[in-house]
Chemist: 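Structure provided below as structure tokens; questions to follow.
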Amino acid sequence: MSVHHESDPKLYRYSRTVFGVFTHVLCALFTGFITVLTKPGSSLFSWHPFLMTLAFSFFMTEAVLLFNPYSSPVKKLKHKTKSRLHWILQGLCVCSATAGLAAIFYNKNLNDKPHFSTWHGLIGALTVAVVALQSLGGLPLLYPKLAKGWSLAKLKRYHATSGLLTYLLGSISLFLGLCSAWFSSNVNGYGWYLAVLCPILCSLVVMSQVTNAYMARKRMQY
């Protein structure tokens with residue numbers, strides 16, 4: 001695969017590198033912005049947006065970008081090592097998202113508010129469950145002995161496809177959170193639009209990475 005990437009036009013490689021680095025910086029800045037806005041620990045509710053953003057904007061994005069052939073911070077490492085690091089980041093994503101879900105669930109109980117009464121709540125809960133399943137689904141790729149009777153090539157393709165859908169689901173959950181009354185009352189005007197752009201732009205880069213990787217494999221088969 002490295003030979004294939006080295007044969008790409010220089011302008012293409014440079015642009016992909018720039019977009020990849022930009023996404024690293026963007027997801028870190030967005031997570032930092034939400035951290036400053038929520039002041040984790042200032043209230044029980046404050047943990048929910050902080051932990052969910054940490055999970056879906058930072059950990060999950062970085063887990064995918066590990067495999068970016070142009071801007072991965074560990075691109076010189078073996079694929080097996082990258083896969084382990086990817087799974088660790090996904091594990092952190094699951095832990096953070098579960099804690100964020102628990103925080104808002106307990107907060108609603110304390111305030112006698114209904115659970116999962118909005119699209120944000122429903123899709124957020126669904127995303128946490130799907131992310132956990134996606135992480136479990138990656139175990140056969142880490143430990144091939146678990147993939148009894150399955151083709152590893154097909155499992156990788158299925159995992160990449162479901163992973164992309166999971167990432168998009170997480171991005172939708174973040175977007176709906178940014179449309180909530182709490183966020184809109186704290187951030188408005190151009191600041192709101194800039195915040196909304198963050199998960200959208202990151203999603204576009206991740207979609208491009210996954211689809212290009214799949215198309216590259218298809219070209220190499222012919």
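Positions are given from 1 along the sequence. Since the structure is predicted, the reported quantities are computational estimates derived from the model, not experimental observations.
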Chemist: Determine, stepwise, if the pair Val128 / Met52 fulfils side chain to side chain contact (heavy atoms under 4.5 Å, CB included).
Modeler: CA-CA 9 Å; Val128 174; Met52 288 304 195; 3.9 Å; yes
Chemist: When you group the ILVMFWY residues by side-chain heavy-atom contacts below 4.5 Å and let the links chain together, are Ile200 and Val205 in the same group?
Modeler: no
Chemist: Does anything in residues 164-182 form a side chain to side chain donor-acceptor pair (under 3.5 Å)? List the pairs, not counting sequence neighbours.
Modeler: Thr61-Tyr167, Ser171-Ser203
Chemist: Any idea which heavy atoms bring Met60 and Cys93 closest together, and the distance?
Modeler: CB-SG, 4.1 Å
Chemist: I'd like to check the ring pair (Phe, Tyr, Trp, His ring centres under 6.0 Å) partners of His48; sequence neighbours left out, ordered by chain and number.
Modeler: none
Chemist: Do Val94 and Ile104 share a hydrophobic cluster (ILVMFWY, side-chain heavy atoms under 4.5 Å, transitive)?
Modeler: yes
Chemist: Looking at Trp87, I want to see if its CH2 is surrounded by more than 12 non-hydrogen atoms of other residues, nucleotides or ligands under 6.0 Å.
Modeler: no
Chemist: Does Ala181 offer a backbone N or O that forms a donor-acceptor pair with the side chain of Ser184 under 3.5 Å?
Modeler: no
Chemist: Should Ile172 and Phe116 be regarded as members of a common hydrophobic cluster, given that ILVMFWY residues are connected when their side-chain heavy atoms come within less than 4.5 Å of each other, either directly or indirectly?
Modeler: yes
Chemist: Do you know the tightest heavy-atom contact between Gln209 and Val64?
Modeler: NE2-O, 2.8 Å
Chemist: Could you tell me the separation between the CE atom of Met207 and the CG atom of Leu165, rounded to the nearest 0.5 Å?
Modeler: 9.5 Å
Chemist: For Tyr190, what are the other residues in its hydrophobic cluster, where any two members join if their side-chain heavy atoms are less than 4.5 angstrom apart?
Modeler: none
Chemist: Would you mind reporting whether Phe183 and Ile34 have side-chain heavy atoms less than 4.5 Å apart?
Modeler: yes
Chemist: Taking only residues two or more places apart in sequence, or in another chain, which ones meet Lys113 in a side-chain contact (heavy atoms from CB on, under 4.5 Å)?
Modeler: Lys108, Asn111
Chemist: Rest of the hydrophobic cluster containing Leu65 (Ile/Leu/Val/Met/Phe/Trp/Tyr, side-chain heavy atoms under 4.5 Å)?
Modeler: none
Chemist: Which residues pass the side-chain contact (heavy atoms from CB on, under 4.5 Å) test with Lys10, not counting sequence neighbours?
Modeler: Arg13, Tyr14
Chemist: Give every residue pair that meets the side chain to side chain donor-acceptor pair (under 3.5 Å) criterion with at least one member in residues 130-140, sequence neighbours excluded.
Modeler: Gln134-His159, Gln134-Ser162
Chemist: So, taking the atom named CG in Leu139 and the one named CG in Leu136, what distance separates them when rounded to the nearest 0.5 Å?
Modeler: 6.0 Å
Chemist: Is there a path of hydrophobic side-chain contacts, each under 4.5 Å between heavy atoms of I/L/V/M/F/W/Y residues, joining Leu164 to Phe67?
Modeler: no
Chemist: Side-chain contact test, heavy atoms from C-beta onward, threshold under 4.5 Å: evaluate it for His24 versus Pro73 and give yes or no.
Modeler: yes
Chemist: Give a yes or no on whether the backbone of Leu178 and the side-chain of Trp192 come within a donor-acceptor separation of less than 3.5 Å.
Modeler: yes
Chemist: Any chance CZ of Phe19 has more than 12 other-residue heavy atoms, nucleotides or ligands included, within less than 6.0 Å?
Modeler: no
Chemist: Let me confirm one number: the OG-CG distance from Ser46 to Leu51, rounded to the nearest 0.5 Å.
Modeler: 8.5 Å
Chemist: Suppose we screen for side-chain hydrogen bond (donor to acceptor under 3.5 Å, both in side chains). Which residues come up paired with Gln90, at least two apart in sequence or across chains?
Modeler: none
Chemist: Are Thr81 and Val74 close enough that some pair of their side-chain heavy atoms sits under 4.5 Å apart?
Modeler: no
Chemist: Between Cys202 and Leu26, which heavy-atom pair has the shortest distance, and what is it?
Modeler: SG-CD2, 3.9 Å
Chemist: Please list, chain by chain and in numerical order, all residues satisfying side-chain contact (heavy atoms from CB on, under 4.5 Å) with Leu126, sequence neighbours excluded.
Modeler: Val130, Leu169
Chemist: Can you check whether Ser71 reaches Phe22 side chain to side chain, under 4.5 Å on heavy atoms?
Modeler: no
Chemist: Can you list every pair that meets side chain to side chain donor-acceptor pair (under 3.5 Å) and has a residue in residues 115-128, with sequence neighbours left out?
Modeler: Asn109-His115
Chemist: Keeping Thr161 on the side-chain end and Arg157 on the backbone end, is there a donor-acceptor pair under 3.5 Å?
Modeler: yes
Chemist: With a 4.5 Å cut-off on side-chain heavy atoms, are Thr23 and Leu201 touching?
Modeler: no
Chemist: Enumerate, atom names and distances included, each donor-acceptor pair closer than 3.5 Å involving a side-chain atom of residues 146-155, sequence neighbours excluded.
Modeler:
residue : atom : partner : partner atom : Å
Ser151  : OG   : Ala153  : N            : 3.4
Ser151  : OG   : Lys154  : N            : 3.4

Chemist: Might you point out which heavy atoms bring Phe59 and Leu89 nearest each other, and give the distance in Å?
Modeler: CB-O, 3.7 Å
Chemist: Is it the case that atom OH in Tyr193 sees more than 12 heavy atoms from other parts of the structure closer than 6.0 Å?
Modeler: no
Chemist: Working to the nearest 0.5 angstrom, can you tell me the gap between Cys198 SG and Leu29 CG?
Modeler: 7.5 Å
Chemist: Check the pair Phe45, Thr38 against side chain to side chain contact (heavy atoms under 4.5 Å, CB included), reporting the backbone distance first and the verdict last.
Modeler: CA-CA 9 Å; Phe45 173 80; Thr38 58; over 6 Å; no
Chemist: Locate the shortest heavy-atom distance separating Ser57 from Cys27; write the atom from each residue and the value.
Modeler: O-CB, 3.2 Å
Chemist: State the CZ-CG distance between Phe33 and Leu194, to the nearest 0.5 angstrom.
Modeler: 9.0 Å
Chemist: Are His86 and Lys82 close enough that some pair of their side-chain heavy atoms sits under 4.5 Å apart?
Modeler: no
Chemist: About how many Å separate CZ of Phe175 and CD1 of Ile123, when rounded to the nearest 0.5 Å?
Modeler: 10.5 Å
Chemist: Are Leu141 and Leu66 in one and the same hydrophobic cluster, where Ile, Leu, Val, Met, Phe, Trp and Tyr link if side-chain heavy atoms are under 4.5 Å apart?
Modeler: no
Chemist: Can you see which heavy atom on Ala195 is nearest to which on Phe30, and at what distance?
Modeler: O-CE1, 3.6 Å
Chemist: Apart from Leu110 itself, which Ile, Leu, Val, Met, Phe, Trp or Tyr residues share its cluster (side-chain heavy atoms under 4.5 Å, direct or through members)?
Modeler: Leu44, Tyr106
Chemist: Judged by modelled atom types alone, do Asn68 and Ser72 share a side-chain donor-acceptor pair under 3.5 Å?
Modeler: no
